[in-house]
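Single-structure report; data block below.
Because the structure is a prediction, the values reported are computed rather than measured. Letters A, B, ... mirror the listed sequences (proteins, then strands); counts begin at 1.
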There are 2 protein chains.
Amino acid sequence: MKEEVIDMPCELREETGFAYTLSLVSGKYKMIILYSLTGATPVVRFNELKRRLGKISYRTLSLTLKELESDGLIIRKEYPQIPPKVEYSLSARGQSLLPVLDMMCEWGNVHSHDKLK
Amino acid sequence: MKEEVIDMPCELREETGFAYTLSLVSGKYKMIILYSLTGATPVVRFNELKRRLGKISYRTLSLTLKELESDGLIIRKEYPQIPPKVEYSLSARGQSLLPVLDMMCEWGNVHSHDKLK
DNA sequence: CAGTATCCCGTATGATACTG
DNA sequence: CAGTATCATACGGGATACTG
């Protein structure tokens, strides 16, 4: 990704921010996971998250959560007990991204019924 | 995609708009193509667009433009002449998406230098 | 010039079984 | 419960040659 940015024409350099944003939220479930950590129950355990996401596989959920965590968007809190208990929640950084997601959501809600000729 | 939406828990139904938005702009070059059709030269020919995008292949540019067009985000205007001349520009719908892209861009610019521990 | 045709490849994701 | 390991697959995208 970095290399492509370097190749970008000057006019577009100032827009590389969205390439960065996109790199954080692209993936089939990332944005919906972030959304899943908002609202009435913003702290969610692994299996509960999996249930909420429907068809995601263990593998994908696990990998995705690791990426979100290493990108600083979510927080993973592990309770050292048996059986294990792990809770995921949004970090401040993750929360700062919510308005962006909201805007995408809003645009989609408004325009998903546009008639395309 | 539709099926997954159906599987989504109730709490998330109202957020399916962003899945729709995302489906329109996801892809390695879609957003940057939209951006390329703004500014001082908002009407661009195929090869000029290819030049601006750097490393994109003919195939991918061609496919991507078709998708953007069929999603109503850009307009393809063909001049029946030899050699061929085709101009691409943003539709009103495409323009309405710009604030969303701007916001993603802005967030990325602000947060791309966050220190992640 | 503006594409299309063909072939190839890497990565994201899925299914399932297993483990501490 | 919260994952990991393993194997399999689908799709997006690249390179290049060709065409109306």
Protein-nucleotide distance ([X], atom [atom1]; [N], atom [atom2]), rounded to Å:
X     : N      : atom1 : atom2 : value
A/E78 : D/dT4  : CD    : P     : 10 Å
A/I56 : D/dT4  : CD1   : P     : 13 Å
B/L61 : D/dT16 : CG    : P     : 17 Å
A/K85 : D/dC1  : NZ    : C1'   : 11 Å
B/L49 : C/dG3  : CG    : P     : 10 Å
A/R51 : D/dC1  : CZ    : C1'   : 10 Å
B/K77 : C/dC1  : NZ    : C1'   : 17 Å
A/K50 : D/dT4  : NZ    : P     : 14 Å

Every protein N/O lying under 3.5 Å from an N/O of nucleotides 10-13 of chain C:
residue : atom : partner : partner atom : Å
C/dT13  : OP1  : A/K28   : N            : 2.6
C/dT13  : O4   : A/R59   : NH2          : 3.1

Review item, nucleotides 17-20 of chain D N/O atoms under 3.5 Å of protein N/O:
none

Strictly by salt bridge (charged side-chain N to carboxylate O under 4.0 Å, His left out), give each pair with a member in residues 69-78 of chain A just once, sequence neighbours left out. A/R76-A/E78
Listing request: all salt bridge (charged side-chain N to carboxylate O under 4.0 Å, His left out) pairs with a residue in residues 38-48 of chain A, at least two apart in sequence or in separate chains. A/E48-A/R51, A/E48-A/R52
Under 4.0 angstrom between [X] side-chain N/O and [N] OP1 or OP2:
X     : N     : value
B/K66 : C/dT4 : yes
A/S62 : D/dT4 : yes
A/N47 : D/dA2 : yes

Identified stems (criterion: three or more consecutive Watson-Crick or G-U pairs, under 3.5 Å), DNA chain D: C:1-20 with D:1-20
[X] versus [Y], closest heavy-atom pair with distance:
X     : Y     : result
B/L22 : A/M31 : CD2-SD, 3.6 Å
B/A40 : B/P42 : O-CD, 3.3 Å
A/I33 : A/L68 : CG2-CD1, 3.7 Å

With sequence neighbours left out, write down each residue that passes side-chain contact (heavy atoms from CB on, under 4.5 Å) with B/S57, or none if nothing qualifies. B/R59, B/T60
Could you list the residues that satisfy salt bridge (charged side-chain N to carboxylate O under 4.0 Å, His left out) with A/K85, not counting sequence neighbours? A/E87
Residues two or more places apart in sequence or in another chain: which of them pass salt bridge (charged side-chain N to carboxylate O under 4.0 Å, His left out) with B/E67? B/K30
Could you name each residue pair satisfying ring pair (Phe, Tyr, Trp, His ring centres under 6.0 Å) that touches residues 41-80 of chain B, not counting sequence neighbours? none
Donor-acceptor check, side chain of A/S89 to backbone of A/V43, threshold 3.5 angstrom: yes or no? no
Backbone N/O of A/L73 and side chain of A/S91: donor-acceptor pair under 3.5 Å: yes
Quick one: label A/Y88 by what it contacts on the DNA or RNA (base, sugar-phosphate, nothing), any heavy atom closer than 4.0 Å. sugar-phosphate
Kindly list each side-chain donor-acceptor pair under 3.5 angstrom involving residues 95-104 of chain B, sequence neighbours excluded, with atom names and distances?
residue : atom : partner : partner atom : Å
B/S96   : OG   : A/W107  : NE1          : 3.0
B/S96   : OG   : A/H111  : NE2          : 3.4
B/S96   : OG   : B/R93   : O            : 2.6
B/D102  : OD1  : B/Y35   : OH           : 2.7

